[in-house]
Enquirer: 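Take a look at the following structure, please.
In listed order, ligands and their atoms are each counted from 1.
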Amino acid sequence: MSLNDIPCDAIFKCIQCGECCNGFGGTFVTPMDIVTIAGYIGADPKTFVRDYCQMSGSRPVIAQGPDGYCIFFRDRLCSIHPVKPRMCRAWPFIDSVLKDPANWRMMAGSCPGMRADVSDACIQRCVREQLATRGS
Ligand code: SF4
Ligand code: SF4
């Protein structure tokens, strides 16, 4: 049975397993992400996409290293944590879950920090609250 009325801070707790930093295609960077991350690592924003990203269709995503992990995942941690991309900061409270809560359960299949035994109503309430808090 799915739970409906549990606090939002109980439906997700990151255990820092690093699974979400593994695999191609997920981590899109916005123009603001590019400027911010480039500044943090001392790179030129103009060449950041060329040197640190791969293209997914027409959009840049952070590149993977040979081990399949994001190139900024080092020593089991995010080396750009204070400026990590909007997508990484927002996870798993993202717009696509608001549109279809089934996405939450799909994401929970690869993220052990997410509880899948909660109701659609609970998921949407919590995502809505988080997005409002973060001004997304
Ligand atoms: S997969 Fe989930 S629990 Fe693991 S590091 Fe990413 S957000 Fe945290
Ligand atoms: S930027 Fe950081 S949090 Fe985001 S995928 Fe890369 S290592 Fe993980």
Enquirer: What protein heavy atom sits nearest atom 6 (Fe) of ligand 2, and how far away is it?
Expert: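 Going by distance alone, atom 6 (Fe) of ligand 2 is nearest to C70 SG, 2.4 Å.
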Enquirer: Check for me: within less than 2.8 Å of atom 4 (Fe) of ligand 1, which protein N/O/S atoms show up?
Expert: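 Protein N/O/S atoms under 2.8 Å of atom 4 (Fe) of ligand 1: C17 SG.
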Enquirer: Could you tell me whether D120 and R105 have a side-chain N and a carboxylate O separated by less than 4.0 Å?
Expert: yes
Enquirer: Got the closest protein heavy atom to atom 2 (Fe) of ligand 2, with its distance?
Expert: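 The closest heavy atom on the protein side is C78 SG, 2.4 Å.
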Enquirer: Any atoms of ligand 2 less than 4.0 Å from a non-hydrogen atom of F73? List them with their elements.
Expert: 7 (S)
Enquirer: Could you see if V83 belongs to whatever hydrophobic cluster contains I41? Use Ile, Leu, Val, Met, Phe, Trp, Tyr and a side-chain cutoff under 4.5 Å.
Expert: yes
Enquirer: Which label fits F93 and W104: parallel for a plane angle under 30°, tilted from 30 to 60°, or perpendicular past 60°?
Expert: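 Tilted.
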Enquirer: Within the structure, is a non-hydrogen atom of I62 found at a distance of less than 4.0 Å from ligand 2?
Expert: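 No, that is not the case, since the closest heavy atom of the residue is not under 4.0 Å from the ligand.
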Enquirer: Numbering the atoms of ligand 2 from 1, which are under 4.0 Å from a heavy atom of C88?
Expert: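 Near C88, the atoms of ligand 2 are 1 (S), 3 (S), 4 (Fe), 5 (S).
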Enquirer: How long is the gap from CH2 on W91 to SG on C111, to the nearest 0.5 Å?
Expert: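 Between atom CH2 of W91 and atom SG of C111 there are 6.0 Å.
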Enquirer: Considering only heavy atoms of W91, which atoms of ligand 1 have at least one such atom less than 4.0 Å away?
Expert: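 Near W91, meaning under 4.0 Å from one of its heavy atoms, ligand 1 has 7 (S).
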Enquirer: Any atoms of ligand 2 less than 4.0 Å from a non-hydrogen atom of F72? List them with their elements.
Expert: 7 (S)
Enquirer: May I ask you to identify, for S79, whether its side chain, its backbone, both or neither come under 4.0 Å of ligand 2 on a heavy-atom basis?
Expert: neither
Enquirer: So, taking the atom named CG in D95 and the one named CZ in R128, what distance separates them when rounded to the nearest 0.5 Å?
Expert: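 Those atoms lie 12.0 Å apart.
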Enquirer: Are the sulfur (SG) atoms of C78 and C88 separated by under 2.5 Å?
Expert: no
Enquirer: Check whether any N, O or S atom of C21, backbone or side chain, sits closer than 2.8 Å to atom 8 (Fe) of ligand 2.
Expert: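 Within the cut-off used here (under 2.8 Å), C21 does place an N, O or S atom near atom 8 (Fe) of ligand 2.
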Enquirer: Under the side chain to side chain donor-acceptor pair (under 3.5 Å) rule, what do T36 and D33 come out as? Steps first, then yes or no, please.
Expert: CA-CA 5 Å; T36 308; D33 289 331; 5.9 Å; no
Enquirer: Do you reckon M106 sits in the same ILVMFWY cluster as V127, going by side-chain contacts under 4.5 Å, direct or chained?
Expert: no
Enquirer: May I ask you to identify the nearest protein heavy atom to atom 1 (S) of ligand 2, giving residue, atom name and distance to one decimal place in Å?
Expert: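 Heavy-atom neighbour on the protein nearest atom 1 (S) of ligand 2: P85 CD, 3.5 Å.
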Enquirer: Measuring from atom SG of C20 to atom CE of M87, what distance do you get when rounded to the nearest 0.5 angstrom?
Expert: 10.0 Å
Enquirer: Hey, could you give me the CD1/OH distance between I71 and Y52, rounded to the nearest 0.5 Å?
Expert: 7.0 Å
Enquirer: Look at K46 together with D44 and state whether they make a salt bridge at an N to O cut-off of under 4.0 Å.
Expert: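 Salt bridge absent between K46 and D44.
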Enquirer: For ligand 2, which atoms, with element, lie under 4.0 Å from some heavy atom of T27?
Expert: 5 (S)
